[in-house]
Amino acid sequence: MVILKLFLAFLQVGLFTIGGGYAALPVIQNQVVETYGWLTAAEFTDLITISQMTPGPIGINAATFVGTRIAGLPGAIVATFGCILAPCLIVLTLSMLYKKYSSISYVRGVLSSLHPAVVGLIASACLSIVLQALFPVVVSLSGLDIAAAVLVAAGIFALKRFKVSQITVILAAGALGGLFYSLVERF
Amino acid sequence: MRKDIKFYGKLFSGCLRISAFTFGGGYVIVPLIKKRFVDEYGWVSEEQMLDYIAIGQSSPGPIAVNTSAMMGYGLAGLPGALVAVFATVLPPLVTLSIVSVFYSLVIENAVVRNVLRGMQAGVAAVVLDVVIDLIAAVTKSRRAVPIVLMAAAFIAAAVFKVNVALVILTCAVYGALTVVKARRKERDNGHS
């Protein structure tokens, strides 16, 4: 039963990915390329490229991509469901505990020492997002994408000064960037 | 806050929009959640948001799904969690099932690639904007311990590529020890 195999494979992807994002890649590769041979290594690289281009967690992207190719839409739904089932059950349990105990001073103390660490982790992710945008090929002075730097600066200015909505900033940057890079390629 | 159809509609569309614009990894949801659910709706405090992210990161599975499940549960129990998770899963599910059919066309299309390159800059601006606010909130306290914890976590993740779950676990142990120590001190003072 390929549907059942899809479910079990992505159940493991969901369960064994801790820390999100690229921590999922080796687990997905192990299941999808090595264990079941659903994708070739080249297709797996394509999957990573697509995941970067499309919204959403890479685990869900992989589940939908592999599921669709192996068993159409039902495959996509089953694989996605498998991927989120275990995490959701665990997180719901934690949510219940959180609701019950988060006001207790012990728990409060632990959580409040996590906050600055979480901010540090978010800042680290932010750094790699910004570097990736400004230096698409290599991080060096000549590798700086000036157009991207202008877009980032203009975006921050619009967000801070004029309180433009985030989605507007992302879409406007896409439109302006798309136009600019396409013109540069043309001429 | 009444848990009526309007509430669930707002929760659903909020999570849907956040998920639809989460390009480039789980952390991009942070600025989007902060703007919509903390600043605009006022449903979640910044403290709670950081709690959700800390727990969402340290348990298995996609951070975006975990965080929205926690937020949904916190707002409206199990139905809230289900609505939030469904709304979070829907955009990538729909996008990928369309894209996977003719993905080579999409990957090789120059215009698509250029638009996405521009959007990447937009996402960078959005994330940077909120990260500046979050860092400012920590440094504003002028207390040494949180600032050191923040810097240490940043260096561990950015320079040494330590798994985020491990970073959070270490800080949790540190936090627990601090609480125990503070309790003991309090008790000793009480006896003397």
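Side chains included, hydrogens not; waters and symmetry mates left out as well; all remaining heavy atoms used. Below, read A as the first sequence line, B as the second, and so on, with proteins coming before strands; counting in each chain starts at 1. Please read all numbers here as calculations on a predicted model, not as lab measurements.
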Which of [options] touches chain A most, by non-hydrogen pairs under 4.5 Å:
| options | result |
| --- | --- |
| Thr95(B), Leu93(B), Ile155(B) | Leu93(B) |
| Ala153(B), Ala152(B), Gly122(B), Ala125(B) | Ala125(B) |
| Thr67(B), Val89(B), Val111(B) | Val89(B) |

Using non-hydrogen atoms only, which part of [X] is less than 4.5 Å away from chain A: side chain, backbone, both, or neither?
| X | value |
| --- | --- |
| Val115(B) | both |
| Val148(B) | neither |
| Val130(B) | side chain |
| Gln48(B) | both |
| Glu40(B) | neither |
| Val138(B) | side chain |
| Pro146(B) | both |

What I'd like to find out is whether the side chain of [X] reaches to under 4.5 Å of the side chain of [Y], using heavy atoms alone.
| X | Y | value |
| --- | --- | --- |
| Leu96(B) | Thr68(A) | no |
| His115(A) | Asp51(B) | yes |
| Val65(B) | Cys88(A) | yes |
| Val130(A) | Val127(B) | no |

Shortest non-hydrogen contact from [X] to [Y]?
| X | Y | answer |
| --- | --- | --- |
| Ser95(A) | Tyr73(B) | CB-CD2, 3.4 Å |
| Thr64(A) | Ser97(B) | CG2-N, 3.5 Å |
| Pro87(A) | Gly61(B) | CG-CA, 3.6 Å |
| Ala121(B) | Leu151(A) | CB-CB, 3.8 Å |

Output the option from Ser113(A), Gly174(A), Gly177(A) having the highest count of non-hydrogen pairs under 4.5 Å with chain B.
Gly174(A)
Turns out that what part of Gln132(A) lies under 4.5 Å from chain B's heavy atoms comes down to both
I'd like to know if the side chain of Gln166(A) and the backbone of Pro31(B) have a donor-acceptor N/O pair within less than 3.5 Å.
yes
Chain A neighbours within residues 167-180 of chain B, where any heavy atom lies under 4.5 Å away
Val167(B), Ile168(B), Cys171(B), Ala172(B), Gly175(B), Ala176(B), Val179(B), Val180(B)
